[in-house]
K.L.:
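Below is the structure I would like to discuss, written out as structure tokens.
Since the structure is predicted, the reported quantities are computational estimates derived from the model, not experimental observations. Order of the sequence lines sets the chain letters (A, B, ...), proteins ahead of strands, with each chain counted from 1.
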Protein chains: 2
Amino acid sequence: MPKIGMEPIRRRALIDAAILAIGERGSLDVTMSDIAGRAGVSTALAHHYFGGKEDLLHAAMRHVLAELGGDLRRAVAGKQGIERVEAVIAVNFSPKQFQPEIVSAWLAFYVEAQHSTPLRRLLRIYARRLHSNLLYALRPLMADAVARRAAEGIAALIDGLYIRRALKDGPPDAASAGALVQDYLELQVKAERSS
Amino acid sequence: MPKIGMEPIRRRALIDAAILAIGERGSLDVTMSDIAGRAGVSTALAHHYFGGKEDLLHAAMRHVLAELGGDLRRAVAGKQGIERVEAVIAVNFSPKQFQPEIVSAWLAFYVEAQHSTPLRRLLRIYARRLHSNLLYALRPLMADAVARRAAEGIAALIDGLYIRRALKDGPPDAASAGALVQDYLELQVKAERSS
DNA sequence: TTTTCTTGATTGATCAGTCAATCAAAACTA
DNA sequence: TAGTTTTGATTGACTGATCAATCAAGAAAA
């Protein structure tokens, strides 16, 4: 039943399968055979479309990153100040992004980035964008040094809550995890007002 | 030059080598041959003393955990309230614990714990102890619900800063990472006093 | 001599990656 | 239209490399 124009369909199926496999296993230590099987094709086809395992894994990571990046861009569009920060937090704890499989995949990519320069570069770009996003929104609300620290803290809190989610430890639901970060933000803003 | 009583020496050397290897690689995906080589022995000897790879890795993790646990117990001994919380924070960002290799090893263990029940159990025990430690110290300082949230937040912040350390992102030195958590603690305490 | 420590060599399993062959739609031709 | 060729899609079978685990044998103390 081969038809023309299968390529984009297969690529997408393989990427989705890879993310799911990585998310379930919690690490990049998955076999091509597992991924291909989930996508309903042979390993040879995965190699045909992606070249090698690394390429497929990197494509999967780029997909996860682009997905979050897109959500983030849409969420902050036109927003300023505290509303903008709240939007950033909300996206990170949205049902779509805070899914256990996606969170686990993130953690796996973080680990891999430690010894893969291209992956680290990708993550660095995303981290920088998040940071400047937060900083831009926080600067009108507080002194520069405080804003920098707050941005740093929010980013770290999000990462920490992601880890704890992957381990099924910590706050069980997205809502209370998000509330915890919101609370941190409010504390910083209040402290600044009373100074 | 085999002598008697080598066992403890070799075990220790192999565990140290394993931690170093895991820390450098940033994941548990290290070979017995690598570990044994670092310890200056053959792979066969590693199997002789530890049975299998898993056992050695678990022993390494238990060692890292025991080390931090010991430091923690010593640090909080006799301390109460805010001093106790500060001691907990200080230990987590001490030069010994915040070393890049140790931090990377932690991250690797976190990842592995996602699909290893015994490892998850070990981590869970440690996490609980940390949590109740913080809670016990925070309760006199603030309302119960607030104390719980603060404990949750401090733990998540520490984890988040560990991740960022492993990725060489975020605050570069232990001091400013620790200061960030201290700042969070102070905000919570101040907010409580003014309510 | 016995016991403890140690290893080289080997085995078996797992996997990424390759390749030549198949299949079926699409495009072309008479 | 009917037949033929081309082309993209797809796979099973194979290869080579890596690695955990085993084992029987050797070397040095006791």
Side-chain angles (χ1 to χ4, degrees), chain A residues 1-62 105 108-109 111-112 115-116 118-119, chain B residues 1-61 108-109 111-112 115-116 118-119:
Chain A
M1 57 185 77
K3 260 197 306 205
I4 213 165
M6 279 290 108
E7 176 155 358
I9 296 169
R10 297 295 185 213
R11 288 187 93 96
R12 181 58 197 267
L14 283 163
I15 286 179
D16 285 347
I19 294 170
L20 193 66
I22 292 167
E24 272 184 23
R25 179 130 232 292
S27 85
L28 292 209
D29 186 16
V30 291
T31 67
M32 286 299 266
S33 154
D34 180 17
I35 296 172
R38 284 169 195 264
V41 298
S42 70
T43 64
L45 197 68
H47 277 97
H48 175 62
Y49 283 128
F50 284 94
K53 187 184 183 183
E54 259 197 22
D55 306 273
L56 171 51
L57 263 31
H58 286 198
M61 168 152 180
R62 242 177 271 117
F109 288 132
V111 165
E112 188 70 7
H115 55 266
S116 161
L119 238 51
Chain B
M1 58 182 76
K3 261 196 305 203
I4 211 164
M6 280 288 108
E7 176 153 0
I9 295 169
R10 297 266 116 114
R11 288 187 94 96
R12 181 60 198 266
L14 282 163
I15 287 179
D16 285 347
I19 294 170
L20 194 65
I22 292 167
E24 273 184 23
R25 179 134 231 292
S27 85
L28 291 209
D29 185 17
V30 291
T31 66
M32 287 298 267
S33 155
D34 180 16
I35 296 172
R38 285 169 194 263
V41 300
S42 70
T43 64
L45 196 68
H47 276 97
H48 174 65
Y49 282 127
F50 284 94
K53 187 184 182 182
E54 258 197 22
D55 307 272
L56 172 52
L57 262 31
H58 288 198
M61 169 153 179
F109 287 133
V111 165
E112 189 68 8
H115 53 265
S116 162
L119 238 50

K.L.:
Just to be sure I understand the rule, does B:Y49 reach a base, reach only the sugar-phosphate, or reach nothing, if contact means heavy atoms closer than 4.0 Å?
P.N.:
sugar-phosphate
K.L.:
CG of B:L45 versus P of C:dG8: gap in Å, rounded?
P.N.:
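So the two atoms are 11 Å apart, to the nearest Å.
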K.L.:
Tell me the interatomic distance from A:H48, atom NE2, to D:dA9, atom P, rounded to whole angstroms.
P.N.:
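That distance rounds to 6 Å.
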K.L.:
Would B:V30 and B:L20 satisfy side-chain contact (heavy atoms from CB on, under 4.5 Å), going step by step from the backbone distance to the final call?
P.N.:
CA-CA 10 Å; B:V30 291; B:L20 194 65; over 6 Å; no
K.L.:
How close or far is atom C1' of D:dT7 from atom CD of A:E7, stated in whole angstroms?
P.N.:
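Distance check: A:E7 CD to D:dT7 C1' gives 14 Å.
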K.L.:
B:L56 and B:M32: side-chain contact (heavy atoms from CB on, under 4.5 Å), yes or no, with the steps?
P.N.:
CA-CA 9 Å; B:L56 172 52; B:M32 287 298 267; 4.2 Å; yes
K.L.:
If I take atom CG in residue B:D29 and atom P in nucleotide C:dC15, what distance separates them, rounded to the nearest angstrom?
P.N.:
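Rounded to whole Å, this separation is 12 Å.
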K.L.:
Would you say A:E7 has more than 12 foreign heavy atoms packed within less than 6.0 Å of its CD?
P.N.:
yes
K.L.:
Under 3.5 Å, which N/O atoms of the protein pair with N/O atoms of nucleotides 17-20 of chain C?
P.N.:
{"residue": "C:dG17", "atom": "OP2", "partner": "A:H47", "partner atom": "NE2", "Å": "3.2"}
{"residue": "C:dG17", "atom": "OP2", "partner": "A:K53", "partner atom": "N", "Å": "2.7"}

K.L.:
For a side-chain contact (heavy atoms from CB on, under 4.5 Å) check, start with the C-alpha distance between B:S116 and B:E54, then their side-chain angles and the critical distance, and finish with the verdict.
P.N.:
CA-CA 10 Å; B:S116 162; B:E54 258 197 22; over 6 Å; no
K.L.:
Expressed in angstrom and rounded to an integer, what is the separation of B:L14 atom CG from C:dC5 atom P?
P.N.:
13 Å
K.L.:
Taking all non-hydrogen atoms of both residues into account, name the closest pair between A:A59 and A:F50 and its distance.
P.N.:
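Taking every non-hydrogen atom into account, CB-CE2, 3.8 Å.
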K.L.:
Whole angstroms only, please: what is the CD1-P distance between A:I35 and C:dA16?
P.N.:
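Computing the A:I35:CD1 to C:dA16:P distance gives 8 Å.
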K.L.:
Among A:D29, A:I22, A:L28, which residue satisfies the side-chain contact (heavy atoms from CB on, under 4.5 Å) criterion with A:E112?
P.N.:
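With A:E112 as partner, side-chain contact (heavy atoms from CB on, under 4.5 Å) holds for just one option, A:L28.
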K.L.:
Using modelled atom types only, decide if a donor and an acceptor are shared between the side chain of B:D55 and the backbone of B:G52 within a distance under 3.5 Å.
P.N.:
yes
K.L.:
In whole angstrom, give the distance that lies between atom CE of A:M6 and atom P of C:dA24.
P.N.:
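That distance rounds to 15 Å.
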K.L.:
Select base, sugar-phosphate, or nothing to describe what A:T31 touches, counting heavy atoms under 4.0 Å on all strands.
P.N.:
sugar-phosphate
K.L.:
Can you tell me the distance, in whole Å, between the CZ atom of A:F50 and the P atom of D:dT10?
P.N.:
13 Å
K.L.:
Does A:R10 make a side-chain N or O approach to OP1 or OP2 of D:dT10 shorter than 4.0 Å?
P.N.:
yes
